[in-house]
Protein chains: 2
Amino acid sequence: MFLSFTEENYLKAIYHLSEDGKIDVSTNAISDALNTKPASVSDMLKKLSQKEVINYIKYQGVSLTPSGKKIALQIIRKHRLWEVFLVEKLKFNWDEVHEIAEQLEHIQSNLLIERLDEFLGFPPFDPHGDPIPNERGEMKAKKHTPLSETDLHNQGKVIGLKETSPLFLQYLDKAGIYIGAKIKVMDKIEFDGSLEILIDNKKTILVSSEVAKNILIAES
Amino acid sequence: MFLSFTEENYLKAIYHLSEDGKIDVSTNAISDALNTKPASVSDMLKKLSQKEVINYIKYQGVSLTPSGKKIALQIIRKHRLWEVFLVEKLKFNWDEVHEIAEQLEHIQSNLLIERLDEFLGFPPFDPHGDPIPNERGEMKAKKHTPLSETDLHNQGKVIGLKETSPLFLQYLDKAGIYIGAKIKVMDKIEFDGSLEILIDNKKTILVSSEVAKNILIAES
DNA sequence: ATGAAAATTTAGGTTTGTCTAAAAAAAAGT
DNA sequence: ACTTTTTTTTAGACAAACCTAAATTTTCAT
Ligand SMILES: [Mn+2]
Ligand SMILES: [Mn+2]
Ligand SMILES: [Mn+2]
Ligand SMILES: [Mn+2]
């Protein structure tokens, strides 16, 4: 099935919006995510419904059909593989790759993606710790807890992020936090929820609760 | 200046059509090259003229302005660098890369192209022997003669091709002809212009005049 | 339960890039 | 020189993806 760039972006947005448990995604949520007006979203939902990639009942929100989900996961696979390429091979910083991957994810060629995957050594995760789906749309799900909810004095490892905006990534660089870093919560400040953390048994810093919510930890 | 994919493709087509000496390119030639109707081309020429990337006088053909030429060369640079990437890094065959490069050439990011160029070791030529322009649009021009016009018994090297369609490239693979191959013309058949050639001092084959016209040789 | 607020859809338009059919200009043939 | 043919442009339409403004439906608060 051929879908335009725009249609692909709608499917991807719907997928991401339903990631955190929501079954039905709202028109407004989609228009926010894509920077379009709700009226435009309504138009497009009608079209995507026709193509049977979404389940859509007027006024009642939208969800992906199995075939829509498969397409969304293919696009996410391409996005994340290109991000790995940019960081691992072209020496981009992790905060510089998303915009370019937004373009590269729409390149059409199954062989290209297979070969790229192989060239990169079949990476299971992208530079931000997000899992890369395989050709069938399956991916490793890791058990994770937000840093804000881990117990005092427990040692954990950074395995992912909830936010991946350039500003947040640049902050993490500065703080010395990266995917794989060892983190131990030394103290919780009850007043504002900020945390004193020890990074790699070397450096102690203070992070706000907002920051801590967006860092995902695998406890060990 | 921002140009759409479509506008970029028009500029590239105009550039390629004026490569073999022609000063002015015709509406019909462009419509042929892009598989659109002449009426559509007329529309677009008006728009590109407005943007001052082409010189256009009604009924009198079209040429690129300096700024249009610079843009065209940037796109060709990207196209050819991606072709090198696909062949050198992802192990594509030279007849498989053009279509994918047609998509990749429109990815917008100066940094990406700089880094890709560096990653590939600043290649001066693409897999088909075509020169890769640098950031300023300059490229190596090699003296070349069509194989059909080289002298008997002169040793030469394949440095490029006039045709790069998959079918022609596959034929060359089968014949054992590649960029860099040594070729000596052993005999010319006057009747139909076909040639008996010795490849790499190993194998002698017969090639038609049509084939010989499309192989470019550097005499040595 | 009912009126106000919020969310969503419809109606009617715009822009981009395409098309067909018709008109106009240029080139070619005699 | 004057037809005829070819090339090119214009006129009018259409699909995709967006918009604003207005209508409709749902949700929320009293
Ligand atoms: Mn990304
Ligand atoms: Mn990512
Ligand atoms: Mn090519
Ligand atoms: Mn090429």
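On a predicted model such as this, the values are computed, not experimentally measured, just so you know. All chains are named by letter (A, B, ...) in the order of the sequence lines, taking the proteins before the strands, and each is independently numbered beginning at 1.
The distance from atom CD of A/Gln60 to atom C1' of D/dT25 is 11 Å, rounded to the nearest whole Å. One can place CD of B/Glu7 at 15 Å from P of C/dT15, the figure rounded to the nearest angstrom. The distance between atom CD of A/Gln50 and atom C1' of D/dA16, rounded to the nearest whole Å, is 15 Å. At whole-Å resolution of the value, CG in A/Asp24 and P in C/dT8 are 11 Å apart. Between the C1' atom of C/dT9 and the CD1 atom of A/Ile57 lies a distance of 15 Å, rounded to the nearest Å. Whole-Å rounding puts the A/Lys46 NZ to D/dA15 C1' distance at 15 Å. Atoms CG (A/Leu3) and C1' (D/dA16) sit 14 Å apart, rounded to a whole Å. Computed from coordinates, the B/Leu45 CG to D/dT9 C1' distance equals 11 Å when rounded to whole Å.
Within the 4.0 angstrom heavy-atom criterion, only backbone atoms of the sugar-phosphate kind lie near A/Thr27; the bases stay farther away. Among the atoms of the strands shown, none is found under 4.0 Å from any heavy atom of B/Phe5.
The phosphate of D/dT10 has OP1 or OP2 within less than 4.0 Å of a side-chain N or O from B/Lys58. In this structure, A/Asn28 does not reach the C/dA6 phosphate: none of its side-chain N or O atoms is under 4.0 Å from OP1 or OP2. Note on A/Tyr56: every side-chain N or O is 4.0 Å or more away from OP1 and OP2 of C/dT8.
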Show me, pair by pair, the donor-acceptor contacts under 3.5 angstrom made by side chains of residues 22-34 of chain A, not counting sequence neighbours?
from, atom 1, to, atom 2, distance (Å)
A/Ser26, OG, A/Ala29, N, 3.1
A/Ser31, OG, A/Asn28, O, 3.1

Could you list the donor-acceptor pairs under 3.5 angstrom formed between side-chain atoms of residues 166-175 of chain A and any protein atom two or more places apart in sequence or on another chain?
from, atom 1, to, atom 2, distance (Å)
A/Gln170, NE2, A/Asp95, OD2, 2.6
A/Asp173, OD1, A/Trp94, NE1, 3.1
A/Asp173, OD2, A/Trp94, NE1, 3.4

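Classified by interplanar angle (parallel below 30°, tilted 30° to 60°, perpendicular above 60°), the ring pair B/Phe119/A/Phe85 is perpendicular.
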Could you go over nucleotides 18-23 of chain C and give all protein N or O partners under 3.5 Å, atom names and distances?
from, atom 1, to, atom 2, distance (Å)
C/dT18, OP2, B/Tyr10, OH, 3.4
C/dT18, O4, B/Asp43, OD2, 3.3
C/dC19, OP2, B/Lys37, N, 2.9
C/dC19, OP2, B/Ser40, OG, 2.6

Checklist entry - Please walk me through it: do A/His79 and A/His98 pass side-chain hydrogen bond (donor to acceptor under 3.5 Å, both in side chains)? => result CA-CA 8 Å; A/His79 182 105; A/His98 181 75; 3.1 Å; yes

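In this structure, a donor-acceptor pair under 3.5 Å is absent between the side chains of A/Glu210 and A/Ser208. At a cut-off of 3.5 Å, with distance as the only test, no side-chain donor of A/Asn55 or A/Thr65 sits close to an acceptor on the other residue.
Under the 6.0 Å distance and 45° angle rule, B/Arg80 does not count as a cation-pi partner of B/Phe125.
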